[in-house]
Amino acid sequence: HVVESLNEVQIVSSTQKLSARVVGRDRVRDLAVLKLSVTDLPVITLGDSDQLKLGEEVVTLGYPLGLAGGLSISRGVVSSLRKDETSGVSYIQTDAAINPGNSGGPLVNLRGEVVGINTAKLVGAGVEGLGFAIAINSIKPLLAQLMSSPQAALSPTAVPALRTYANPTYTYSIAYPSPWRLDDGNPARVRLYTSQIEVIIGAYRSTEILGRDPLEQWVDYQIQIWAFRLDSFELAYYKKVIRNGLEGIDLIVTYTDRDGLPLYARAFYAVAGGWFFSIYGTTLQSDQRLDAPALQQVMASFTFTGRVNL
């Protein structure tokens with residue numbers, strides 16, 4: 001995300017300024033590779049992120065907030081090792097300080113080896129020490145690919161194939177990543193899930209929704225209930241959309257659930273064939289950056305294909 005819209009950048013050190021070209025991007029991994037037209041530069045060794053242990057000390061390097069005074073170093077530990085089941089990318093969670101200006105910098109073990117690339121942090125009231133780095137072993141194959149074909153663009157090869165679920169009772173279809181699991185024992189409440197994500201597709205008679213119509217009135221009523229019942233509730237996004245021929249409403253909200261977990265939720269609501277459809281997906285706010293694209297993809301695929309067979 002640091003060089004998302006750029007093709008050329010300047011790399012500045014304490015002794016020189018160098019021009020570099022962006023030769024590849026991978027938006028799934030939030031990764032870019034730059035090429036410099038100089039040689040004999042000092043290099044750092046890439047370590048083995050698979051050998052990291054919880055509690056192992058690590059160091060972040062970067063230029064947080066662009067503060068004057070040169071390179072900044074902060075120290076912490078490996079708090080958790082996570083794998084995004086949708087993209088297959090592994091991440092290192094650390095309490096070492098990661099701030100704007102650290103993104104793209106290395107996460108280094110105490111042997112001086114790069115074990116990760118700093119990419120994101122979770123911010124919010126009551127949240128401390130939740131930074132994330134892309135595990136270096138997740139990108140080594142891409143580095144080898146790019147060096148063997150310097151003009152090749154990085155592609156999001158980690159995105160798995162999609163499966164399509166067709167609900168025979170409510171005649172809708174929805175696509176989801178193949179590693180996800182499906183529970184359609186109740187066709188009115190279908191569940192898609194991983195260890196990190198849960199998506200519920202619900203179907204209700206529109207007359208059961210407290211007689212409220214149109215859709216906008218009911219969704220606004222839901223928001224009022226959430227705001228009253230949930231701690232730290234925040235409506236981050238609200239937009240009327242037309243998707244696959246259906247008029248609907250897209251929502252993004254964040255809140256703290258009854259167990260004290262900070263959650264990120266994305267939802268799509270629509271009315272079709274006299275029925276109300278709710279597609280509601282949640283993940284931890286700490287996993288938001290990893291899981292939000294998959295949730296968006298699932299919401300965008302929802303298609304009502306006929307009439308309800310009851």
Side-chain angles (χ1 to χ4, degrees), residues 1-2 4-5 27-30 65 82 84-87 89 91 93 98-103 118-132 174 176-177 180 191-202 209 212 214-244 246-271 276-302:
H1 63 275
V2 176
E4 186 170 6
S5 60
R27 289 181 173 84
V28 171
R29 299 171 181 82
D30 189 25
L65 307 179
R82 299 173 178 270
D84 178 12
E85 296 185 35
T86 301
S87 67
V89 181
Y91 292 84
Q93 179 185 325
I98 294 178
N99 293 290
N102 285 111
S103 294
N118 303 324
T119 187
K121 67 177 293 186
L122 178 65
V123 296
V127 178
E128 296 181 4
L130 282 175
F132 297 90
I174 196 164
Y176 63 98
W180 291 22
R191 180 174 177 243
L192 303 169
Y193 63 99
T194 71
S195 60
Q196 300 166 238
I197 302 174
E198 181 179 61
V199 176
I200 302 295
I201 306 107
I209 311 302
R212 291 178 176 268
L215 175 65
E216 182 180 357
Q217 293 178 331
W218 191 85
V219 172
D220 289 346
Y221 177 70
Q222 284 292 309
I223 292 172
Q224 293 175 31
I225 293 176
W226 292 334
F228 178 75
R229 293 181 177 176
L230 300 173
D231 292 333
S232 304
F233 176 83
E234 181 178 344
L235 177 63
Y237 181 82
Y238 180 111
K239 186 177 182 180
K240 296 179 182 178
V241 296
I242 297 177
R243 179 171 294 150
N244 300 324
L246 287 180
E247 291 187 3
I249 293 176
D250 261 344
L251 292 182
I252 297 176
V253 300
T254 58
Y255 60 91
T256 301
D257 71 3
R258 294 178 179 177
D259 296 322
L261 293 175
L263 296 179
Y264 165 94
R266 188 174 191 115
F268 174 66
Y269 298 99
V271 173
F276 175 80
F277 292 96
S278 164
I279 304 96
Y280 186 82
T282 56
T283 186
L284 289 172
Q285 288 182 27
S286 58
D287 295 330
Q288 170 184 340
R289 188 182 190 89
L290 318 184
D291 299 336
L295 289 174
Q296 181 179 4
Q297 185 179 41
V298 171
M299 305 291 163
S301 73
F302 180 84

Engineer: So how far is it from Trp180 CH2 to Ile197 CD1, rounded to the nearest 0.5 Å?
Structural biologist: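 Reported to 0.5 Å precision, the distance equals 4.5 Å.
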Engineer: What closest approach, in Å, do Leu192 and Ile174 show between heavy atoms, and which atom pair accounts for it?
Structural biologist: CD1-CG2, 4.5 Å
Engineer: Tell me the closest heavy-atom pair linking Ala265 and Thr282, and the distance in Å.
Structural biologist: CB-CG2, 3.8 Å
Engineer: Looking at CE of Met299 and CG of Leu251, how far apart are the two atoms once the value is rounded to the nearest 0.5 Å?
Structural biologist: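 With rounding to 0.5 Å, CE (Met299) is 10.0 Å from CG (Leu251).
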Engineer: Starting at CD1 of Ile279, measure out to CG of Asp250 and round the result to the nearest 0.5 Å.
Structural biologist: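 Ile279 CD1 to Asp250 CG: 9.5 Å, rounded to 0.5 Å.
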Engineer: State which residues pass side chain to side chain donor-acceptor pair (under 3.5 Å) with Asp257; sequence neighbours excluded, sorted by chain then number.
Structural biologist: none
Engineer: Decide side-chain contact (heavy atoms from CB on, under 4.5 Å) for Leu215 and Glu247; before the verdict, give the C-alpha distance in whole Å, the side-chain angles of both, and the deciding distance to 0.1 Å.
Structural biologist: CA-CA 9 Å; Leu215 175 65; Glu247 291 187 3; over 6 Å; no
Engineer: What closest approach, in Å, do Glu216 and Tyr238 show between heavy atoms, and which atom pair accounts for it?
Structural biologist: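 That would be CG-OH, 3.4 Å.
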Engineer: Do the numbers put Arg82 on top of the ring of Phe132, so that NZ or CZ is under 6.0 Å from the six-membered ring centre and no more than 45° off the axis?
Structural biologist: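 Negative - Arg82 is either too far from the ring of Phe132 or too far off its axis.
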Engineer: For Leu230, check side chain to side chain contact (heavy atoms under 4.5 Å, CB included) against everything at least two apart and list the hits.
Structural biologist: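 Scan of Leu230 (side chain to side chain contact (heavy atoms under 4.5 Å, CB included), adjacent residues dropped) gives Trp226, Phe233, Tyr255.
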Engineer: Rounded to the nearest 0.5 Å, how far apart are CD1 of Ile249 and CZ of Arg243?
Structural biologist: 11.5 Å
Engineer: What are the two closest heavy atoms between Leu246 and Ala270, and how far apart are they?
Structural biologist: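 That would be CD1-CB, 4.1 Å.
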Engineer: Taking side chain to side chain contact (heavy atoms under 4.5 Å, CB included) as the definition, give me every residue that meets it alongside Phe228, ordered by chain and number, with sequence neighbours left out.
Structural biologist: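 Listed in chain order: nothing, the list is empty.
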Engineer: Return the set of residues passing side chain to side chain contact (heavy atoms under 4.5 Å, CB included) with Ser278 (not counting sequence neighbours), or none when no residue passes.
Structural biologist: Tyr204, Tyr269, Phe276, Tyr280
Engineer: As an exercise, state the distance from CG of Leu295 to OG1 of Thr283, rounded to the nearest 0.5 Å.
Structural biologist: 6.5 Å
Engineer: Kindly write out the residues that satisfy salt bridge (charged side-chain N to carboxylate O under 4.0 Å, His left out) with Glu198, not counting sequence neighbours, or none if the list is empty.
Structural biologist: Arg191
Engineer: Apply side-chain contact (heavy atoms from CB on, under 4.5 Å) to Leu284 and Leu263, showing your working.
Structural biologist: CA-CA 4 Å; Leu284 289 172; Leu263 296 179; 3.8 Å; yes
Engineer: Provide the closest heavy-atom pair for Phe302 versus Asn244 in the form atom of the first, atom of the second, distance.
Structural biologist: O-ND2, 2.8 Å
Engineer: For Gly248 versus Phe268, what's the shortest heavy-atom pair and its separation?
Structural biologist: CA-CE1, 3.8 Å
Engineer: Under the side chain to side chain contact (heavy atoms under 4.5 Å, CB included) test, which residues partner Ile225, sequence neighbours left out?
Structural biologist: Tyr221, Gln222, Arg229
